[in-house]
Structure formats: structure tokens, C-alpha cells
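Report on one structure; see the data block that follows.
Any value given below was found using the heavy atoms of this structure, including those in side chains, with hydrogens, waters and symmetry copies removed. All ligand and atom numbering here is 1-based and tracks the order in the structure.
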Amino acid sequence: MARKLMRVVSAALALQIICAAQLMCPSDPNCVCGGTLAVELNCNIDGHIVKINLLPGIYINIKCENTTSLDYNKLPKCANNLSSFKSVSFKDCPLPKSSFKDVLTNMGVSKTMALIFQNARNLSGYFDRKHFSGLQDLTKLLLSINGVTHLPNNLFMDISKLTWLNIRSNSINLSEELFKPLERLETLEISHNHMTNISSNLFSHLSFLRKLSLWQSNVTWFSKDLFSGVDVLEELDLSSNGLNELPASIFKPLNKLKKLTLFSNKFSSLPENLFKNNYELETVVFLNNDVKLRDLPKNLFGNLPKLKQIYIQRSGIENVPYDVFANSSQVTNISLAYNDIKKLPEPIFNDQINLLELDLSFNRLKKLDPKLFSSLVRLERLDLSHNSLDIISGETFSSLLSLIYLNMEHNNLETISSYLFSNNKQRMSISFAYNRLTFEERKLINNTCEVKRFSPFKHTYNLHLLNLSHNSFKFTSKDWWTNGHEKLDISGNCITHLWGDEIRDEDYEILVKKPLHEVWISQNPMNCECRNHLFLDFLLSHPVTKIPDIDEIHCPRWAGEICYVKFIILISLLTTVGTLYGLIIILFLMHRKSINDALKKKFFALTHSSDSKHENTNVIIKYSDVDEEFVLKEVLPVLRTHKNLKIHTSPTKNSENAESFINNFTTCVKDIYKYKTLVVFSPNYLITTYSQVDIKKIHTAMMEADNTIHVFVDSGPENSVYAFLKDQRDIRTSIVWSEPNFWDKVVDKLTERIKDEECDTELGQKDQVFVDNAKESDISFSKLPEPNIYDLNALTHGQV
Ligand SMILES: *[C@@H]1O[C@H](CO)[C@@H](O)[C@H](O)[C@H]1NC(C)=O
Ligand SMILES: *[C@@H]1O[C@H](CO)[C@@H](O)[C@H](O)[C@H]1NC(C)=O
Ligand SMILES: *[C@@H]1O[C@H](CO)[C@@H](O)[C@H](O)[C@H]1NC(C)=O
Ligand SMILES: *[C@@H]1O[C@H](CO)[C@@H](O)[C@H](O)[C@H]1NC(C)=O
Ligand SMILES: *[C@@H]1O[C@H](CO)[C@@H](O)[C@H](O)[C@H]1NC(C)=O
Ligand SMILES: *[C@@H]1O[C@H](CO)[C@@H](O)[C@H](O)[C@H]1NC(C)=O
Ligand SMILES: *[C@@H]1O[C@H](CO)[C@@H](O)[C@H](O)[C@H]1NC(C)=O
Ligand SMILES: *[C@@H]1O[C@H](CO)[C@@H](O)[C@H](O)[C@H]1NC(C)=O
Ligand SMILES: *[C@@H]1O[C@H](CO)[C@@H](O)[C@H](O)[C@H]1NC(C)=O
Ligand SMILES: *[C@@H]1O[C@H](CO)[C@@H](O)[C@H](O)[C@H]1NC(C)=O
């Protein structure tokens, strides 16, 4: 709506301007007139280019290009009869010989409220009283000049209505006489100057001055009565000076002062009672102190009834006295960010009952007193990120009844109390990203190590954001998914299973009724497992749920589809097997419990396998069926003597589909556990598997295959591609048959820790056998581990 209005207004304005431009375009032999939004005149005056821009009644901008002298009398008449403008500006033009008034009259301007004179190059000549004579209506003046070393004391005599004066210059001496005529001055800004020593009465006549800025003026010293007489000053900016001390009574006369800005100075200490008389003080901004200001004086911001905002950042503060904010109960925002604070005294915020925002980020806090925040019942935002907190007591946030934003990123937290949020019922955004949280507790009970898992968010509902990214979680907790949060970020952890337990009916209902809106899951070692695919598909089946980083999960597209294909295949296998009653009975006897469970499930159910009893190095041997005899005779017997290796064979047939199916089938079924692949890579294998594939792709595929060992065996017809690949092999992941110590190397490589990014999973080390030879598929199915029955269920419900 507002946008629409804006568009209409600007269109109307543009139209008006265009009309005005057409009407107004002055004709002058030296100038070419144009412009659409405003009148634009390009003039050539005695070879000097002058560009004039104007909007009638509003502004005239005169810009000189490369001009050191200019005959101002030759400027065009921009307004036909004398008219008044709000502002006139000269950019990079030389000083006129006569007054600005004459120049303006000559151009058809009778009156202007503001005059801006900017010149980035050294001026030739000096400012003089005559330049401003006749401009008695002027209220604003900006002089931004270089190289002027002197402004005469009487310069402003004729422009005593000035309320706003801004002088930017790199070297002028300002005398007290200069400002004397400017009795109505309300805003004075002096910047980019060298004023190492300001005389004490410089501003004493400016009794209406409300805003004073001495920004970047190299004031390193001033007397303690610099501000005497400046009674109504409300805003003071002394930033970017070289100040290293302040007289204790410097601000004493300023009993109307509301805002003080003091950044980029060099204070090594501040006097006590600095703001004792500034009862109206509302805002103090104290940033980027160039030297370390270790301590703040006692009671610095105390007893200031109107104080609202305090920003003290990047100033090297280490110690904050307990009473620094005492009795200032209207404070709403405090930032002490980017300092070196290690400890905050317990009563420091005792009187800040109106505090809304507290930023303590980028300090060195190791601990928080449990009562530190006990008065802050209105606090909405708390930032404790980038500190060194390693523990946080359960009561710490219990008084923060209004908290809606909590940032604890980049600390060293390993554990947090389960009661931490028991009092906070707001719709919070909570981030614990970049800590070392696991939510696991290890205890020695009866001489065995037991791992207890808990979630401090069990009773925290409807969060706007729960950010647990970049921690050390190995598991997810059910409540993260089902407590009605809007966004969940669990990326960058060690999570293998998105959903740990089976989904019960009530969880299922909650997931459908209160779905998450956004979930981030990338950078977890999820290994493209079916159960994760199915869970993600289930989440995504809800129209409001999005997984923005799903593309970062590098699973081939088929990996998801195969989960469903697998289901169909398994069903057909089941049917085949079903004809063999005996087998079914054996199957039933072996898996009575799981099948019973399976039948009970009405809905989607997944299972838990991270703490499965089977912990083994499983080895899948892949080979061309032409090499079968070799594998059966030479490879299997030796490997089977190693008890900690469980062998599973997968012959490759000619048909590519069958091959990829068997691969995917075994992957999906088995990567519930970790496994390694041993490829019997021979010319035969090359032909069966890669007959149509480009050599570069084969090479890349071999290099990229994780947890895979290629054994080069020269069986089959001579093949130059094979010879090349053998020659270029990566010796870390491949071995040549009949190499010295061949079997030791093979077994070493097979028992090496399974590559699992940085996550230290407890899986995948011990014993387990499957045989997955396509010829024995029924048998292999009978030996599938129990959890697959749940998987099967999951599939059934996933499809529903
Ligand atoms: C300005 O004038 C000087 C010498 O007259 C010349 O070297 C320079 O290129 C000019 N600069 C521009 C931007 O015209
Ligand atoms: C300027 O022109 C406008 C209309 O064109 C007229 O109303 C106004 O009185 C003129 N002003 C002077 C000072 O002549
Ligand atoms: C301005 O004048 C100063 C000294 O008078 C000189 O050092 C400087 O180079 C001049 N700058 C320009 C841009 O002419
Ligand atoms: C400014 O004042 C200082 C000391 O009062 C003096 O040394 C310096 O020469 C003066 N500079 C100019 C440009 O007048
Ligand atoms: C301020 O003074 C320092 C040395 O005292 C000088 O290097 C710096 O250029 C000065 N800054 C300005 C803006 O004059
Ligand atoms: C600044 O000027 C005052 C008097 O004008 C003088 O007493 C004081 O010593 C000067 N300080 C510095 C640092 O030059
Ligand atoms: C706070 O105010 C009370 C009463 O106004 C006063 O007694 C007390 O000393 C003050 N505390 C501080 C630290 O100034
Ligand atoms: C002070 O904190 C409140 C609450 O977070 C916030 O809305 C407001 O913008 C903050 N004020 C300033 C000046 O930053
Ligand atoms: C430890 O073992 C004993 C005997 O087996 C049993 O009674 C006791 O409950 C166990 N304690 C725990 C904490 O499990
Ligand atoms: C979680 O925190 C990390 C670190 O600040 C950030 O990069 C990420 O974007 C956050 N996630 C969400 C969903 O805001």
C-alpha cells in the first residue's frame, strides 16, 4: 500500500519536474540545457566546464570541473525573475571575488536558506566578511574546505541568523571571537581539523547551542570549563580525537545533556563522578577506545534517572564495578560487547528492572553467577555469544520471563542443565551453535559405563528457532522435532539418524499437527541411509516444511528412490520365499518378536540402531561374475579366517541395471551398519561394470569411492584401460594381487577405522557376517538383522 502510494507520489513529482524543466530551461549561449528529473545545464565558461543542476524553489547545485578561476558573472540566469531556494551549493569552485549574494542575484536567486561550499583542493585566496554580506536570511552554512588557514574573527558578522554551522577543514585555528555573532546557533559541527588545544571560551557565547560535534578534530586537550555557558547542550560528540583524559568536572555545566558520543579516543582511565550532574543523560556511546581502559570507575552510570542506553564496546574493559549502573532503573539497552570482561559481579544489574537488551558478546566470561540476571524480568534479548562459558547453572535464566532471543553461540559449553529453560515460556529464538554440546552424560554404574541422554529442551515448546548447529551431538532428541518449534538447525553435528527411536502414534500426530517450518541438517554423517531418506520424505510431505540445505546432502538421487524400490523388491522376494513354507517358518521363528511388532505398527515407524549390538567391520566383496571362481578359491577362504571381518559378496552381472540394483540394494540394507567394500578389480570387472564408461570417469569414481579398497587382479583379456588404471592407482586405497605382504595389507586396510569425518561414532568396529550373493538372496534375506523389519514397516507406512 505504502509502496503504491510512493510510486504514485514519485510519478506525480516526476511529471511536475519534467513540466518544470520544460518551462524553466534557461537559454544561455554558454550552456546546453537538458535533464529529465531536474534542470541540467552544461556550461562552458571561458573554457571551464561548469555543471548546474536545479529544481526550482528547492535547490541549485553548481559543480566546477578542474577550475581554479571562474568569472561568476558569466554563469547563466537560472531563474527568470528573482526566486528563492532552499539550498545552494558550490562544489570545487573557486572563491568568488565578490560576495555570494552578488553571485546568486546574478543567477536569479533572491534568497537561500542554506549555503554549501565544498572544495577538495587548496583554495586560492581567503574567506572574508564580504563573502557572506547580504545573506542575512541564511540559517545553514556548510564550509568544507582544504588549505584555508585562517577564518577572520568577523567572518560571520552578517549572518547572525545562522542556526546550523558545519566547518570541515584540515587546518584552521578557531578563535572565540569567530562564533560571537552566532547567538542563535543551535548546531555546531567542527570536524577533520587540527585543534590540539582548544581555548576555554570558544563556545561560551553559544547559549542556544543544542548540538555540538568536535568529531575528528585532533583535540587532545581542553580546559575543564570548555563547556561553561553552553547550558542547553543536548548532544555532544567528541569522537575520534586523541583524548586520553577528561577533567572530572568537564561535563558539569551540561545539565541538559542527553547524548554523549565518545568513540575512537585514547582514554586510559575515566574520572569518578564524570556524569554526576547530567541528570538528563539518556545515551552514552563509548566505542573503539584505542588504548585498553581496564576499569570503569565506581558508580559511573549510577543515579542517572533518565539513562536508557549504554554502549561501551571495544574498549578493553576488564573489570566492571558492582555499582556501575546502580540506581539507574530506566536503562533499557546495555552493551559491553567486545571487551575483556572475565567476571561480572553478581549485583551489577540489580537495579535494571527495565532492561530490554543486554549484549555481553565477545568477552571472556567463563562463568555466570546464577543470580546475575535475577532482576531482569523484562529482558527480551540476551547475547552471550563468543565468550568462554563452559558451564551454566540451571537457575541462570529463571527470572528472564520476557526473554525472546538468547544467543550462546561460540562458547565452550559441554552440558547445560535440564532445568535451564523451565521458566521461560516465550516464543524464543535460542542458539547454542558452535559449542561442544552432546546432551549425554556418562556414569560408571556397577563398573560399566552407562550413557544417559537427556534434552534440556524437553519442556520448551513452540520456539521460533532452536539452533544446535556445530556441536557434537550424536543423536537427536524427540522433543526437538515434536515440541512445535518453527525452525531447527542441527547441521554440523555427528548425527547419523535423524530420528532415533521408532515413531509412536502420538509423535506422528504431533509431527503432522505442528510441523517444523524449516530444518537444517547438512554436515552430518548420515550416509544416505534409507531410514533418513524416509524420515526426510515424511517431513517434506508436509507442505509447510522446508529443508533449505537438502542439496548439500550428497546422496545420489537414486539412493532415496531405491529405498522404495527396495521395498518392492523385498516384497517380491518375500512372495517367492513365501512359497517355501519351511523357510517362512524358520524366518518366523527367528524373528517372531520383530514380526509381531511389525504387525502392531499402524503408522510410520523407524528404528534405532545406533546402539545396536552388532558392531563389526563388514566387508562387501564386489567382483565380476566371471571372476567368481577366483574369488571363491583365493579370496574368501583367507578373509574368512579373520574373525573380525565379516564378508559379504556381490558378484556383478553384465546388465548394468542388475548391477546397480544389487549395489544399491546392499547399500541400503546394510549401511545401517558401517561397511567397507573390497573390489576385485580385474579386466573382467572393468568390462562388466564400466564397458561404456569413459576412462577419466572410471578413474575419478575409483578415487572418490569412500571406504573402498581396489585389488588389482590381472585376470581376463589384456586391456589397456586396465593397465592405465593399475599404473595410476592410489596406493592408499588399492593393492595389487601378489604384492609382497598382500594379505597383511588387505587386512590392515579393511580394519582401518571407517572414515567418518570428525565424528567419533561408536559404530562399525566389531563382528557381523552377512552373505549377500545374489544367488543366495533368500538366505541372505533370512540373515538380515532385525532392524530391517522395522525398515520394512517404515516403508509400508511411508508409502501410505
Ligand atoms: C585538470 O587539469 C589538469 C591540468 O590542467 C589536467 O592534467 C587534468 O587531467 C585535468 N583533470 C580533469 C579531471 O579534467
Ligand atoms: C515571478 O514570476 C511569477 C510567475 O511567473 C510571478 O508570480 C511572480 O510575481 C514573479 N516574481 C517577481 C519577483 O517578479
Ligand atoms: C595544498 O597546500 C599544501 C600546503 O600549502 C600542499 O602541501 C598540498 O600539496 C596542497 N594540496 C593540493 C591538493 O594542492
Ligand atoms: C594556530 O595556533 C597555533 C597556536 O596558537 C599556532 O602555532 C599556529 O601557527 C596557528 N596556525 C595558523 C594557521 O594560524
Ligand atoms: C591528528 O594528529 C595526528 C598527529 O598528532 C596526525 O597524524 C593526524 O593526521 C591528525 N589528524 C587530523 C584529522 O588532522
Ligand atoms: C593549551 O592552551 C592553554 C591556554 O590557552 C595552556 O594553558 C595549555 O598549557 C595548553 N595546553 C597544551 C597541551 O598545549
Ligand atoms: C541509590 O539511591 C539510594 C536512595 O536514593 C541511596 O541511598 C543509595 O546510596 C544509592 N546507591 C548508590 C550506589 O548510589
Ligand atoms: C533497545 O532494545 C530494544 C529491545 O531489544 C530494541 O528494540 C531497541 O532497538 C534497542 N534500542 C537501540 C537504540 O538499539
Ligand atoms: C548393581 O548391581 C547390583 C547387583 O547386581 C544391583 O542390585 C544394583 O541395583 C546395581 N546397581 C545399579 C545402580 O544398577
Ligand atoms: C545457526 O547458527 C549458525 C552460527 O551462527 C548460523 O550460521 C546459522 O545460520 C544459524 N541457523 C539458523 C537457522 O539461523
Side-chain angles (χ1 to χ4, degrees), residues 258-261 272-276 279 282-285 287 296-313 320-337 345 347-362 375-387 400 402-411 413 426 428-437 463-471 473 480 485-493 516-524 545-550 552:
K258 287 187 175 158
K259 180 170 181 184
L260 175 66
T261 310
E272 288 197 12
N273 300 321
L274 187 62
F275 305 123
K276 206 168 176 218
Y279 292 114
E282 290 174 5
T283 305
V284 178
V285 183
L287 312 178
L296 288 179
K298 273 170 66 74
N299 206 226
L300 181 66
F301 302 106
N303 300 305
L304 295 170
K306 304 240 171 119
L307 193 59
K308 285 205 157 73
Q309 274 127 20
I310 304 169
Y311 302 94
I312 306 181
Q313 300 175 349
V320 197
Y322 74 94
D323 60 354
V324 69
F325 308 119
N327 281 351
S328 297
S329 61
Q330 294 303 313
V331 178
T332 56
N333 303 55
I334 294 180
S335 172
L336 295 170
I348 183 169
F349 304 119
N350 266 5
D351 296 331
Q352 276 61 58
I353 47 173
N354 288 304
L355 197 64
L356 299 176
E357 188 172 284
L358 177 59
D359 184 356
L360 298 169
S361 60
F362 294 91
S375 302
L376 309 182
V377 289
R378 293 190 58 195
L379 193 73
E380 291 175 359
R381 300 174 68 86
L382 176 59
D383 192 342
L384 288 163
S385 63
H386 295 271
N387 276 287
L400 305 180
S402 311
L403 196 67
I404 49 174
Y405 171 88
L406 173 67
N407 188 347
M408 310 257 334
E409 286 171 14
H410 293 275
N411 276 287
L413 293 167
Q426 297 283 328
M428 292 180 281
S429 288
I430 298 180
S431 178
F432 279 95
Y434 294 98
N435 278 283
R436 297 189 288 160
L437 296 171
L463 294 180
H464 176 64
L465 165 71
L466 179 58
N467 191 340
L468 298 173
S469 64
H470 301 279
N471 276 283
F473 294 110
W480 303 352
H485 308 322
E486 199 169 300
K487 297 181 190 174
L488 173 68
D489 189 343
I490 53 170
S491 58
N493 279 289
L516 281 146
H517 289 215
E518 288 176 56
V519 187
W520 281 263
I521 54 168
S522 60
Q523 299 173 57
N524 276 299
T545 306
K546 293 205 173 53
I547 303 181
D549 59 358
I550 196 147
E552 284 173 44

Original post:
Would you say atom 7 (O) of ligand 10 has a protein heavy atom nearer than 4.0 Å?
Top reply: no
Original post:
Can you find a protein heavy atom closer to atom 14 (O) of ligand 7 than 4.0 Å?
Top reply: yes
Subject >> Interfacing atoms of ligand 7 (cut-off 4.0 Å, heavy-atom, Ala326) >> reply: 13 (C)
Original post:
Any N/O of Glu409 closer than 3.5 Å to an N/O of ligand 10?
Top reply: yes
**OP:** Give yes if a backbone or side-chain nitrogen or oxygen of Glu357 is under 3.5 Å from a nitrogen or oxygen of ligand 8, and no if not.
**Re:** yes
**OP:** Would you confirm whether any non-hydrogen atom of the protein falls under 4.0 Å from atom 2 (O) of ligand 7?
**Re:** yes
**OP:** Between Asn327, Asp351, Asn350, Val324, flag the one that comes closest to atom 11 (N) of ligand 7 by a heavy atom.
**Re:** Asn327
Original post:
Quick check: does Asp323 get an N/O under 3.5 Å from an N/O on ligand 7?
Top reply: no
Original post:
Under 3.5 Å, is there a donor-acceptor pair between the side chain of Asn524 and the main chain of Ile490?
Top reply: yes
Subject >> Residue of the set Glu552, Lys546, Lys487 for which side chain to side chain contact (heavy atoms under 4.5 Å, CB included) holds with Trp520 >> reply: Lys487
**OP:** Measure the distances from the heavy atoms of Lys487 to every atom of ligand 10 and state whether one is below 4.0 angstrom.
**Re:** no
**OP:** Look only at interatomic distance and state if Tyr434 has a nitrogen or oxygen under 3.5 Å from any nitrogen or oxygen of ligand 10.
**Re:** no
Subject >> Minimum-distance protein heavy atom relative to atom 10 (C) of ligand 10 >> reply: Asn467 ND2, 2.4 Å
Subject >> Inter-residue atom distance Leu382.CG - Ile430.CD1, 0.5 Å rounding >> reply: 11.0 Å
Subject >> Side-chain donor/acceptor of Asn471 to backbone N/O of Phe473, under 3.5 Å >> reply: no
